[in-house]
Amino acid sequence: MADGDIEEFIGQNRKLAELIDTFRSISESEKHWKSRREFIFRNIGDYEDPHLDHLLALSMVWANHVFLGCRYNPALLEKVKEMADGIVVHDAPVFKTRDEIVKQQRR
């Protein structure tokens with residue numbers, strides 16, 4: 001969904017949007033939350049009660065990977081990347097591993 005599509009969906013599903021907005025963490029920036037909220041909206045149809053907690057956990061895995069550089073099991077990362085396909089994150093941070101930094105410094 002493009003930004004306009006998400007806003008249109010929210011307008012048509014106000015109660016669902018209000019529910020999803022309750023899942024925002026106090027520490028999430030607007031940019032972080034906007035992207036994670038889109039992830040949740042895109043996938044909520046596949047994770048309705050009692051599996052909503054699973055979706056929220058997957059959304060955090062995806063957001064932590066994108067915004068904080070956290071690493072997870074490759075199969076899990078592949079799953080959340082597929083679930084997030086099409087979500088555009090502007091100015092996402094770029095992370096380097098310790099090995100990449102050491103290799104770069106040796107040059």
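Note that the structure is predicted; figures quoted are calculated from it, not measured.
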- Item | Pairing residues for Glu30 by the side-chain hydrogen bond (donor to acceptor under 3.5 Å, both in side chains) criterion, not counting sequence neighbours |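 By the side-chain hydrogen bond (donor to acceptor under 3.5 Å, both in side chains) rule, Glu30 matches Arg24.
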
- Among all residues two or more places apart in sequence or in another chain, which pass the side-chain hydrogen bond (donor to acceptor under 3.5 Å, both in side chains) test with Ser27?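 With neighbours one apart ignored, the set is Ser25.
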
- Item | Audit row: Ile40, Tyr47, side-chain contact (heavy atoms from CB on, under 4.5 Å) steps and yes/no | CA-CA 9 Å; Ile40 295 167; Tyr47 290 89; over 6 Å; no

- Message: For Lys31, I'd like to know if atom NZ has over 12 heavy atoms of other residues, nucleotides or ligands within 6.0 Å.
- Response: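 Counting neighbours around NZ of Lys31, more than 12 heavy atoms of other residues, nucleotides or ligands fall under 6.0 Å, so yes.
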
- Distance-minimising heavy-atom pair for Phe39 and Val80: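 Between these two residues, the closest heavy atoms are CE1-O, 3.6 Å.
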
[atom1]/[X] to [atom2]/[Y] distance, rounded to the nearest 0.5 angstrom?
X: Asn43; Y: Glu82; atom1: CG; atom2: CD; answer: 11.0 Å
X: Trp33; Y: Phe23; atom1: CH2; atom2: CZ; answer: 8.0 Å
X: His90; Y: Lys34; atom1: NE2; atom2: NZ; answer: 7.0 Å
X: Leu55; Y: Met83; atom1: CG; atom2: CE; answer: 5.5 Å

- Query: Between the main-chain N or O of His32 and the side-chain N or O of Ser35, is there a donor-acceptor pair closer than 3.5 Å?
  - Reply: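 Side chain of Ser35 to backbone of His32: no pair is present.
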
- Main-chain N/O of Asp85 paired with Arg42 side-chain donor or acceptor, under 3.5 Å: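 Yes; at least one donor-acceptor contact below 3.5 Å.
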
- Hey, mind stepping through Ile44 and Leu52 against side-chain contact (heavy atoms from CB on, under 4.5 Å) and telling me if it holds? CA-CA 7 Å; Ile44 198 161; Leu52 191 54; 4.0 Å; yes

Just list the side-chain donor-acceptor pairs under 3.5 Å for residues 56-66, sequence neighbours left out, or say none.
{"from": "Ser59", "atom 1": "OG", "to": "Arg36", "atom 2": "NH1", "distance (Å)": "2.9"}
{"from": "Ser59", "atom 1": "OG", "to": "Leu56", "atom 2": "O", "distance (Å)": "2.7"}
{"from": "Asn64", "atom 1": "ND2", "to": "Met60", "atom 2": "O", "distance (Å)": "3.3"}
{"from": "Asn64", "atom 1": "ND2", "to": "Tyr72", "atom 2": "OH", "distance (Å)": "3.4"}
{"from": "His65", "atom 1": "ND1", "to": "Cys70", "atom 2": "O", "distance (Å)": "3.0"}

